[in-house]
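A, B, ... follow the sequence lines: proteins, then strands. Residue 1 opens every chain.
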Amino acid sequence: MLRRQHGFIIAFFMSIVLLLNACSGGDGGQKEAAGEKNGQEPAKEKQWVIKIDPQNNLPRKATATDPREIKALTEIVAEYEKLKPNVKIEFVDVGNQDRSAWMQARMLSKDAPDVFWDNYDDTWLHYQKGWFLKMDDWLQKPNPYQDNKPWKDMFVPGILDSVRAPDGALYVVPADGVGVAIYYNKKIFSDLGLSIPKTWSEFMDAQAKIKAAGITPFAIEGKGDCCHLHWIDSLISSQFYMGKIADMDRNNNNNLEVNEIALAVQNGKYPDQEQLSQQWKLVKDWSQYWNKGFTSATDSLQMFAQSKVAMIFGGSWTNGQLKQAKVPFEFGAFNFPVITQQDASLATGQQTKIYGAWGALQWLVPGYLAKEDPEKIPVIMDFLMFLSKPENVSKVDLESDGEPNIVGAEPPPGHEVFHEDIDIANMQGYNSRMDKSYSNVFLASLQTYLTGSDSLEKFISRVIEQSKKSSENLIKQNPDWTK
Amino acid sequence: MKTRGLQGMKRWIPYLFLAPTLISLLTFNYYPALSAIYYSFTDWNGFNAPHFIGFDNFVEMVKSLDFQTGFRNMLIITVFSVFVSVTIPAIAAEFIYKIQKPGLQHFYRLMFVFPLVIPGMVILLLWQFLLNPEVGLINSVLSSLGVSEEHLPLWLGSPDTALASFMLIGFPWVNGVGVLIYLAGFQNIPRSVIEAAQMDGATGWSLIWRIEIPLITSQIKLIAILNIIGGIQAFQNQLVLTGGGPGYSTTVPGFIMYQSAMSASRFGYASAIGLVLFVLIFIFTLINNKYIKSDTEYSPD
Amino acid sequence: MKVDKGVWIRNIVLIILGVLTFIPLLMLVNLSFKDANQFNLHRWTVTFPFTLANYKDAWAAISDYIWNSFIISGVTVIGVLAFACLAAYPLARMSFFMKEQIYFLIIALLMIPSVLSLVPLFGLVNKFHMVDSWLGLWGPYIAGGQVFCIFVLRSFFASLPEEMFEAARLDGAGELRILLMIVMPLSKSIISTLGVLNILNTWNDYVWPLMVINDAKLKPLTLGLVSFQQQFVTNYGPLFAGYVIASIPLIILFIFASKQFAEGLAGSAMKM
C-alpha cells in the first residue's frame, strides 16, 4: 500500500517534470544544430544569424486601423542577404515598456539581440557595467559600402561627439535622430487671427488670446521625467547659456554633458541662482496657459486631436501619429520662440532647438560579445555599415519619421521645421543633467513650485542644494572625471 | 517489525507531502528574498559585484524627503483601503447572504466576480479618462451641473486633492474575492446559532451586530491582512497616473523602490526599502493576530 | 410587509453596487469598438458604426500568442493546485514536528514585496538555464501562486469532519488516497475557485515574461499586446479590442466555473 503510494508520488512528479520538459522551447536545439552544421562544413563560409531590435522600424503591414506600412528594413535586409549569402538578419520585437527590466535580463543571460536600441543618454547609466561594446575603433574603419571612407565620416559633423559617454567612449552609433517643435492647430490660429509667434512675448500674447476664446492654449505632460518639462528646461536654459559655456565645456563640443556639469558645480560655475530664478519665473508665468492638472497622466496628443488644445510639444514622430489619428483639421509646427533680453535680462536672445540622436536608429552592440563571440562583431559591423548608407537611412526614416544623421541622406518631407537654421540646445534638461536623484528632486520641486505650494526661492534653493549633492556623488563614483 | 517500519515511514509522510512546496519556495522565493536582504546593505547596481556599505542605504532612506512623505502617504492609503475593503464587500456579502433565493444569490455573486477579468491597466486608463480635469467625464458632468470653471477640482493634478483622488479609484470598492471570502464566513455560521439567537429575540441589526459580525471576525482579519500587505506594496497607480506627483504628494515607498531599482539601477537602495516594507507588514500581521481577538469565532475543529 | 421592505433595499443596494462594479467591463467593450474620432469625440456613449477593424487587427497581433498563454497558465494552475493540496493536507490534518514553523514560513511569503526579488530571481532562473523557456515562468509562478492556495485550503481541510478520516483510515486507506479520493472531491468548488483566481494572475502578468522569454514563439499574449499597443498613440480602440480578446478565455472560464464560484470559498473559515 505504502509503496504504491510513494510510487504514485514519484510518478506524479516525474510526469510533471516530463510535461515541463516537453512544453518548454526548442530554441536551444536549433542553435546547436546550426553550430554542428558549421563544424561539418569548414570549407564553406561560416553562416551567421544577426538579430536586430529595430525599435520603431519593426516591419509591419498596413491595416485598417494603422495605414502606415513599415517595410524599408525588410527590403534593405533582402538586398544585404543577397550580397552576403552567409548572413541572415532576423528582427526581434521588443516592446517599449519596461525596457530597463528587459535590458537588465538580457545582459544577465547574455541573449540580447546583436544590435539593440536604447537612448544614448540612458546608456550613460549602464556603460560602467560593461553592457555595451565600444564603437570607437569600428567607426575609424573604412566603410566598404561608401568608397572605403572611414565609417565615422558618414555622420553629420558633431553628432558622434554628442552621444559620447562621460568616459569619452562611443557606445551608440546614432544613424538618425529626432527634432522637437511646437505643433499648432492651424484652424484655431486662423479663427483667432493669430500668426506663428517668434518671440516669447508674442508667444504669451497668442496664448492669452487663445485662453480668452475658451480653448486651452498649451498641453503639457508633466508626469515623470520625460519629456515636456525636461524639454522646456533644456530649451530655455540653453537660451540663457548660448555662447557662455566655454569655461565649462571641457571637450569643446558645444554641449554640456553630465561630467562637465558635475565639475562646473564643484568649481562654483553652475548653477546660477539669478539665472534659475529668471528662467523658472518665465515658466511659471507660462504655466497659467497649460492644461489643468498637467502633473498627472495626460495625453496631450489626444487633447490636440480633439481640438481641445491649440498647441502641444511634438517631435519628428508626431507627424505620423497625427496622420494615423486622422485629425480633422490642418496642423503645422514651429520652433520654440526666442526669449529676448526684455523678457529676461540674462537671456542671450538666441533661439535654440532640441535636435539630437534620440532616433530609432541608435545601434548598440552587447558588450559581452567581445568575450563570448568576438568573430561575430565584424559581421555585425559590416551589416551596420551597409545600413548606414545614405539611401538606406533616407528610406528607413521616410517611413518612421526620423531625421537622418548621415551626410547625403534626406529627411522626410514636411520635416523642414526640425532643420531650420537654429542653434541646437547646449544644455540638457534636468533628466540628463546630472544623476537620477537630481532629476527626481528637480521634478518634484518643480511640480510643487508650479502647482503653487512652494515659493520660487524654496524651489531654487532645493535645486542648488541637490546640484551640490549630486555632483559630489557623481565625482566620488567617477574619480577619472577630475582628470 | 513490519509495523515499526510502517510507522517509521508514516512519520515522513507529512514532510513528503510538503516537499514540493518547500523545495520550490526555498528556491524561487526564499533565496531571492534573502539575497535581497543582503543586497540592502550594499551598493549593488544589479550587475556588478556589490560592495558592503553597512547601514548607508537605510540612513539615506530615512533622511530623504520623498521617503518620509511617501511613508505618510502609504499609511493613509493603506488605512483607507483596509477600511473600504473590509466594510463594503462585507455589506455586499451580507445582503447576498440574506437573499434567500439561490438563483438571485448566484446572479449577484457573478456580478461582483466577473469584473475580476478586467486587467488592472484598463481600470487605471478608465480612471485617467474619468478624472482628467479638462476633458474628463467627471468634470464635464460637474460643469454641466453648473459648477463654475474655477471650482472644478483638479483631481490628480493638485497636491491638495491628488491623494484623495487616488482613494476614489476603484469606487465602489467591491472586490469580488472579498465578497467570496465574506460569503464563506456567513455561510459557515451554523443555522442553529442563528435560530437560537432569533428565539432570544434578536432580529435585524442586533442579529448582525451580536451574532454575525463576531462570527466573521476571522474573515475580517484575513481581508484586513491581505489589504495591509497589498496596500503597503502597491505602486501601480503612481506608475501609471501621477509618477508620485505633484511634488511628492502621492508617492509611496513601494514606488520609490520600483524607480530606484528599475530606472536608477540602485538595487541596494531598493532592497533596503523593500526590507523596511517587509518588516512593517510583518509587524502589522503580528498585531492583527495578537490584538484583534476572534475568540468568539465558531471553530469547526 | 417589513420583511418585504428589507428585501427591496437589499436588492437595490446590490444592483447599484453590482452595476458600478460592472461598468468598467462594459466601458472596455464599448471603447473597443471605436475608431480614433469616435474615441476622441464621443468617448462615453455608444457610437455607430462599430469599428470591427479594431478586432481584426488586434486578433492578427495577438492570436499567435493565445495558445502560449493557455499552456503557461494551464501548467501553472495544475502545478499550483497539486502542490497546494499536497502541502495543505498535512498542515491541516496531521501533527508533526515543526508544523507551525513550517506553516509560518510559507505564509510569511505573502509579505515580501515582489519587485524586490525580481532581479535576484532572474539571476537564479538564468543560472538554472531556464531563460527563454516556459520553465522559467512555471517555476516562480507555481512557487509564488501556491502560498495563498495553501492558506485557504488548509483551513478548509481542517474544517472537514474527523470521523470521515477515521473511517477511511480504519479501512486501510493511505494518506494520499484519502487526499485524492475523499478530501479533494469534497473541495471541488474551493479548488476550482482558487484555480480561476490563479489563472487570472498568471494570464495578465507582463514584466516577468518580458525578462524571461526572448523567443517570439514562446511569448505569452501580454507581450504581444504591448508591442501592438505602441503602434497606437492616440487611438485606444485597437488596444482595448486586444484587451477584450485577451479576456474572452477568462470570461469563458468564469462561465464554466460559475457553479463553483456560486459555492465559492464556502466552508473555509480562513484565518491567519
Side-chain angles (χ1 to χ4, degrees), chain A residues 1-3 5-6 9-10 12-13 16 97-101 103-104 107-108 122 125-126 128-131 214 216 219 221-226 290-299 302-303 306 308-309 435-437 439-441 443-454 462 477, chain B residues 5-6 9-10 12-13 16-17 19-20 43 45-48 60 64-66 69 124-125 127-129 131-136 139 149 152-162 165 238-251 256 259-267 269:
Chain A
M1 185 70 214
L2 270 171
R3 191 162 291 169
Q5 257 182 40
H6 291 143
I9 295 175
I10 292 164
F12 177 70
F13 288 120
I16 286 190
Q97 259 182 45
D98 292 283
R99 255 188 186 259
S100 59
M103 201 157 67
Q104 174 92 35
M107 290 303 143
L108 282 166
D122 192 50
L125 285 170
H126 304 299
Q128 304 89 334
K129 306 172 197 166
W131 284 5
T216 304
E221 297 177 11
K223 176 208 143 201
D225 345 297
C226 194
W290 296 353
N291 49 312
K292 285 188 209 135
F294 62 90
T295 60
S296 60
T298 310
D299 192 333
Q302 205 178 83
M303 291 178 75
Q306 287 171 288
K308 298 258 182 180
V309 58
D435 58 3
K436 278 281 167 193
S437 314
S439 110
N440 286 343
V441 169
L443 174 69
S445 315
L446 176 62
Q447 286 182 339
T448 331
Y449 166 57
L450 291 178
T451 52
S453 13
D454 262 355
R462 280 167 77 180
Q477 285 158 19
Chain B
L6 212 115
M9 291 297 274
K10 246 191 176 140
W12 286 103
I13 288 181
L16 269 176
F17 276 36
D43 64 351
N45 64 8
F47 199 79
N48 298 132
E60 180 185 343
S64 67
L65 186 62
D66 54 348
T69 325
L124 290 183
L125 280 174
W127 278 94
Q128 180 187 329
F129 301 156
L131 289 173
N132 186 303
E134 300 229 332
V135 294
N139 275 7
E149 172 96 30
L152 287 174
L154 296 182
W155 301 112
L156 295 166
S158 151
D160 306 322
T161 52
S165 311
Q238 283 79 359
L239 192 66
V240 178
L241 295 175
T242 62
Y248 296 131
S249 59
T250 57
T251 199
I256 303 171
Q259 278 197 317
S260 310
M262 288 307 170
S263 76
S265 288
R266 297 190 61 200
F267 286 90
Y269 186 63

Asks: Do you know which of B/Gly247, B/Gly157, B/Ala261 has the most heavy-atom pairs under 4.5 Å to chain A?
Replies: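 Among B/Gly247, B/Gly157, B/Ala261, the one with the most close pairs to chain A is B/Gly247.
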Asks: Roughly how far, to the nearest 0.5 Å, is the CD atom of A/Gln128 from the CG atom of B/Asn45?
Replies: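 Rounded to the nearest 0.5 Å, the CG-CD separation comes to 8.0 Å.
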Asks: So which part of A/Asp98 gets closer than 4.5 Å to some heavy atom of chain B, the side chain, the backbone, both or neither?
Replies: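 A/Asp98 touches chain B through side-chain heavy atoms alone.
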Asks: Which atom pair, heavy atoms only, marks the closest approach of A/Ala101 to B/Met262?
Replies: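 Distance-wise, the nearest heavy atoms are CB-SD, 4.1 Å.
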Asks: On a heavy-atom basis, which atom in B/Gln128 and which in A/Asp299 lie closest, and how many Å separate them?
Replies: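 Here B/Gln128 and A/Asp299 meet closest at NE2-N, 4.4 Å.
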Asks: Donor-acceptor pair, A/Ser296 side chain versus B/Leu241 backbone, under 3.5 Å?
Replies: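 Checking the backbone N and O of B/Leu241 against the side chain of A/Ser296, no donor-acceptor pair under 3.5 Å is found.
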Asks: Picking from B/Ala264, B/Gly243, B/Ser263, which has the most non-hydrogen pairs under 4.5 angstrom with chain A?
Replies: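 Greatest number of close heavy-atom pairs with chain A: B/Ser263.
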Asks: Taking all heavy atoms of B/Leu239 and all of A/Lys223, pick out the closest pair and write down the distance.
Replies: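 Looking at all heavy atoms of both residues, the closest pair is O-NZ, 2.9 Å.
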Asks: Can you check whether A/Gln302 reaches B/Val135 side chain to side chain, under 4.5 Å on heavy atoms?
Replies: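 No, every pair of side-chain atoms sits at 4.5 Å or beyond.
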Asks: B/Phe267 versus chain A, heavy atoms under 4.5 Å apart: side chain, backbone, both or neither?
Replies: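 When you check distances to chain A, only side chain atoms of B/Phe267 fall under 4.5 Å.
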Asks: Non-hydrogen atoms of chain A under 4.5 Å away: do they reach the side chain of B/Glu149, the backbone, both or neither?
Replies: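 The answer is both parts of B/Glu149.
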Asks: Is A/Val441 in contact with chain B via its backbone, its side chain, both, or neither, using a 4.5 Å heavy-atom distance?
Replies: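 Both parts, backbone and side chain.
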Asks: Return the minimal non-hydrogen interatomic distance between B/Ser265 and A/Lys129, and the atom names on each side.
Replies: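 Minimum heavy-atom separation between B/Ser265 and A/Lys129: OG-NZ, 3.0 Å.
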Asks: At a heavy-atom separation under 4.5 Å, does A/Leu108 approach chain B through its side chain, its backbone, both, or neither?
Replies: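 Looking at A/Leu108, backbone and side chain both touch chain B.
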Asks: Specify which of A/Thr448, A/Asn291, A/Leu446, A/Leu125 makes the most heavy-atom pairs with chain B at under 4.5 Å.
Replies: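 The residue among A/Thr448, A/Asn291, A/Leu446, A/Leu125 with the greatest pair count is A/Asn291.
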Asks: Grab the two heavy atoms, one from A/Thr451 and one from B/Pro159, that are nearest each other, plus how far apart they are.
Replies: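 Scanning both residues, the minimum pair turns out to be OG1-CG, 3.6 Å.
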Asks: Side chain, backbone, both or neither: which part of A/Ser453 has a non-hydrogen atom closer than 4.5 Å to chain B?
Replies: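 The answer is the side chain of A/Ser453.
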Asks: What are the two closest non-hydrogen atoms of A/Thr298 and B/Asn132, and how far apart are they?
Replies: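 Heavy atoms of A/Thr298 and B/Asn132 come nearest at CG2-ND2, 4.5 Å.
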Asks: Just wondering, do B/Glu134 and A/Met303 contact through their side chains at under 4.5 Å, heavy atoms?
Replies: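 Counting from C-beta outward, A/Met303 and B/Glu134 do come under 4.5 Å.
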Asks: What distance do A/Lys436 atom NZ and B/Ser260 atom OG have between them, rounded to the nearest 0.5 Å?
Replies: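 So the gap between those two atoms works out to 10.5 Å.
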